[in-house]
Amino acid sequence: MEKRSWAEPYKIKMVELLKITTIEERKNAIKEAGFNTFLLKSDDVYIDLLTDSGCGAMSDKQWAAIMLGDESYAGSRNFYHMRDTISEYYSYKYTVPTHQGRGAENILSQILIKEGDYVPGNMYFTTTRLHQELAGATFVDVIIDEAHDASSEHPFKGNIDFNKLDKLVEEVGVERIPYICVATCVNMAGGQPLSMENMIQLRDWSNWHNIKVVHDMTRVAENAYFIQQREEGYGDATVKEIVYKLCSLTDAATMSSKKDAMVNIGGFLAMNDQEFYDKACGLVVIYEGLHTYGGMAGRDMEALAVGIKESVQDDHMRARVGQIEYLGQKLLDAGVPIVKPIGGHAVFLDARKILGHIPQEQYPAQALASAIYVESGVRSMERGIISAGRNKETGENYQPRLELVRLTIPRRVYTQAHMDVTVESVVQVMQHANQIKGLKFTYEPEVLRFFMGKFEEVE
Ligand SMILES: *Cc1c(COP(=O)(O)O)cnc(C)c1O
C-alpha cells in the first residue's frame, strides 16, 4: 500500500448546509431535550457525532442505484442482486431482508431461543440483548477482561475468553446454549476488533460443542481492516478477502446495513442452513414484510448491494479508520483521556476520568455529552450506566466499568476541519469540567432508556 497519509478516496459533489447556533440557544435546547442528546432536534446540531447509523453519505453510484428500484411486491430484481452480493462478499447462502438490524435480531431470537436459555456474546449490544431477553434468554458476557479496561492497549479487545465460555458450559450445559453471538468490531467495547485467530478458535470450539455461531456483522469491514493492519499473516490480504473469511467461519449473521454498508435504512438476517431460512421466512412476513423485501424498498436493496461492494475497498477503509485515528490522536495529544486503542467507528471519552467529581449514579457520561453540545453544537452520546440499563431480575442498575461518551463518525460525511473543531470543543469543556453537574432521571423508560429518558441537573 502507498505510504502517503490517508485522504478521502472521493470528492464532494453535493453539500448540506448546517445551521450555526448560539450558546444561549443550545442551553435552551439541551434543557428542553431533558439533557438527552437523542432528544435534540437535528436542526439545532452543528456536527452530528451521535451515531454512525444510517447517516453515512451514499456515493453517486448508490444514488444511481436508487433509480433502478424495482418496487414489485414480490420477487424484486433488487432482492436477487442484494442476495447474490451478500453470498459473494459475506459467504452466506440465504438472506432475509429486514427494516434494520434489530428486525433481524427479533427473528433470530424467536427462532433459536427457548425460555431459560443462555446466550454468550463478546459484550452486549443494547437491542441485541433486549431481543434475547424478550425471547426468554439470559445474556452472558464472555469477552476478554481487557475489553472492560479503558486503558488496556490490547490490539484485539473484542476477543472471546474461552475460559468464560467453558465455565458457562460447565454451569448450564450445552443444551441451554442455542448459539454464541460474536460481534465484529465490538461497538460497546469502543469499536474494538477480534482477531482472526480468535474467530478460528471459536469455530473449533463451537464445532466441538455443536453450538451455532451467529455473527453480528454490523462492522465486519472495520474489523477486517484492523486484522490486515495488526495480525500476523494478514498484511497482504485485502479487506474483502478478510471479510469473506470472517463470515465464512460463522453459521448465520444479523446485519445493520446502516453502518458498514452505507445505506440510510436496511438490514438482514443471513444463514447457510435451509431449515433455518424457511423458519425465518415464516416470521419475517409477520413482523417485517414478504421474504423478498422484508421492510426494505427495492431501491434500498439495490443501494445496499452497491454499498456492500464499496465498503470492502481497501482505500475506503484506510480513510474511514484514518479519520477516526486522526480525531483520537489529536485528543490524546491534547491530554484528553480516551479508550485505547482508538476504535474503528468512534472515539470514546473516558467520562469517569474527565468528571471524577460526579458519581456513576449521577450519570457523568450523560452530563459530559450535554456539556459538549452546549459548548459547540457537537452532538455525542452516552455509553455507560444509562445505556447498560437495569438487570431484568433484580431491577438494579448494571454498573459497567466503562462510563464513556461516544464521538461517532458517520462514513464519508465530515472533513478534517470538523474533527479539529470537535477536539477544540472537548478541550474547552475539560477546562471547566469541575463546574459540570450530575444528573437524575425525571422520566425513565422501562426499556432502552438511553433513547428517550429525560433528566435534570442535581443541585
Ligand atoms: C446498530 C447495531 C445493531 C442494531 O441495528 P439497527 O439497524 O440499529 O437496528 C446491532 N448490533 C450492533 C453492533 C449495532 O451497532
Side-chain angles (χ1 to χ4, degrees), residues 38 49-56 90 95-109 119-135 139 141 143 147 157-158 160 179-194 213-224 226 246-247 250 252-270 284 287-289 294-296 300-301 303-304 307-308 311 320 324 343-346 348 381-383 387-389 402 404 406-411 447-448 450-452:
F38 274 100
L49 307 184
L50 183 72
T51 169
D52 60 338
S53 179
C55 47
Y90 298 151
T95 292
V96 178
T98 57
H99 74 287
Q100 57 185 84
R102 66 200 71 183
E105 291 167 352
N106 172 33
I107 294 169
L108 168 85
S109 302
V119 180
N122 51 347
M123 210 174 257
Y124 82 101
F125 184 73
T126 52
T127 57
T128 317
R129 185 181 65 194
L130 183 60
H131 279 297
Q132 292 162 2
E133 290 174 352
L134 289 171
F139 166 81
D141 189 7
I143 203 164
K157 283 165 105 171
I160 284 172
Y179 65 93
I180 299 157
C181 178
V182 61
T184 34
C185 241
V186 181
N187 191 346
M188 301 302 278
Q192 302 292 329
L194 91 169
V213 179
V214 177
H215 181 194
D216 182 340
M217 60 174 296
T218 298
R219 294 187 179 78
V220 67
E222 287 162 9
N223 199 116
F226 284 125
L246 281 170
C247 293
T250 68
T254 56
M255 174 65 156
S256 170
S257 313
K258 304 169 69 173
K259 321 275 175 63
D260 253 4
M262 291 182 288
V263 288
N264 300 124
I265 194 75
F268 57 79
L269 173 62
V284 75
Y287 293 104
E288 304 277 323
M296 291 178 75
D300 291 327
M301 293 192 278
L304 173 55
I308 289 171
S311 73
R320 161 75 177 148
I324 291 141
H345 68 293
F348 291 73
M381 70 170 286
E382 191 257 14
R383 276 298 183 224
S387 294
L402 298 179
L404 308 174
R406 190 178 78 181
L407 300 166
T408 332
I409 315 301
R411 294 162 185 82
V447 296
L448 303 177
F450 58 97
F451 281 133
M452 279 170 282

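Any value given below was found using the heavy atoms of this structure, including those in side chains, with hydrogens, waters and symmetry copies removed. Just follow the structure's listing: the first ligand is 1, and inside any ligand the first atom is 1.
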Trainee: Which of the atoms of ligand 1 are close to Thr127, meaning less than 4.0 Å from one of its heavy atoms?
Mentor: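 Per the distance check, 4 (C).
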
Trainee: Tell me, do Glu382 and Ser387 make a side-chain contact under 4.5 Å, heavy atoms counted?
Mentor: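 Glu382 vs Ser387: side chains touch.
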
Trainee: State, with a plain yes or no, whether a side-chain heavy atom of Leu269 is found less than 4.5 Å away from one of Pro97.
Mentor: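 No; the side chains remain at least 4.5 Å from each other.
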
Trainee: May I ask you to list the atoms of ligand 1 that are less than 4.0 angstrom from any heavy atom of Asn187?
Mentor: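 The list of qualifying atoms is 15 (O).
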
Trainee: With a 4.5 Å limit on heavy-atom distance, are the side chains of Tyr179 and Val213 in contact?
Mentor: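 Result no, sub-4.5 Å side-chain heavy-atom pair not found.
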
Trainee: Using distance alone, determine whether Gly266 and ligand 1 share an N or O pair under 3.5 Å.
Mentor: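 Looking only at distances, the answer is no, because the N/O contact criterion of under 3.5 Å is not met.
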
Trainee: Under 4.0 Å from any heavy atom of Arg102, which atoms of ligand 1 are there?
Mentor: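 With Arg102 as reference, the close atoms of ligand 1 come out as 5 (O), 6 (P), 8 (O), 9 (O).
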
Trainee: Could you check whether any side-chain heavy atom of Arg406 comes within less than 4.5 Å of a side-chain heavy atom of His345, counting everything from C-beta outward?
Mentor: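 Yes; the side chains approach each other to less than 4.5 Å.
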
Trainee: Can a salt bridge be assigned to the pair Asp141 and Arg129 using a cut-off of 4.0 Å between side-chain N and carboxylate O?
Mentor: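 Between Arg129 and Asp141 there is no salt bridge, as every charged N stays at least 4.0 Å from the carboxylate O atoms.
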
Trainee: Are any of the N/O atoms on Ser53, whether in the backbone or the side chain, positioned under 3.5 angstrom from an N/O atom of ligand 1?
Mentor: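 Between Ser53 and ligand 1 (N or O atoms, distance only) the closest approach is not under 3.5 Å.
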
Trainee: How far is atom 3 (C) of ligand 1 from its nearest protein heavy atom, and which residue and atom name does that atom have?
Mentor: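 Protein heavy atom with the smallest distance to atom 3 (C) of ligand 1: Phe125 CE2, 3.4 Å.
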
Trainee: So if I count the atoms of ligand 1 from 1 in the order they appear, which ones are less than 4.0 Å from some heavy atom of Lys258?
Mentor: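 Checking each atom against Lys258, I get 7 (O).
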
Trainee: Is any side-chain heavy atom of Ser256 less than 4.5 Å from a side-chain heavy atom of Arg102?
Mentor: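 No. Closest side-chain heavy atoms not under 4.5 Å.
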
Trainee: Does the side chain of Leu50 reach to within under 4.5 Å of the side chain of Thr408, using non-hydrogen atoms?
Mentor: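 No, side chains not in contact.
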
Trainee: Give a yes/no verdict on whether any heavy atom in Glu105 is under 4.0 Å from an atom of ligand 1.
Mentor: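 It does, in that a heavy atom of Glu105 comes within the 4.0 Å cut-off of ligand 1.
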
Trainee: Quick one: nearest non-hydrogen protein atom to atom 2 (C) of ligand 1, plus distance?
Mentor: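 Here the closest protein heavy atom is Lys259 NZ, 2.5 Å.
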
Trainee: Would you verify whether the NZ or CZ of Arg383 falls within 45 degrees of the ring axis of Phe450 while also being under 6.0 Å from that six-membered ring's centre?
Mentor: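 Yes, Arg383 sits over the ring of Phe450.
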
Trainee: Tell me, which protein residue and heavy-atom name are nearest atom 13 (C) of ligand 1, and how many Å apart are they?
Mentor: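 Protein heavy atom at minimum distance: Asp216 OD2, 3.3 Å.
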
Trainee: Among protein heavy atoms, which lies nearest atom 7 (O) of ligand 1, and at what distance?
Mentor: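 Going by distance alone, atom 7 (O) of ligand 1 is nearest to Ser256 OG, 2.6 Å.
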
Trainee: Number the atoms of ligand 1 from 1 as they appear, then name those within less than 4.0 Å of a heavy atom of Arg219, with their elements.
Mentor: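 Here the atoms of ligand 1 in question are 13 (C), 14 (C), 15 (O).
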
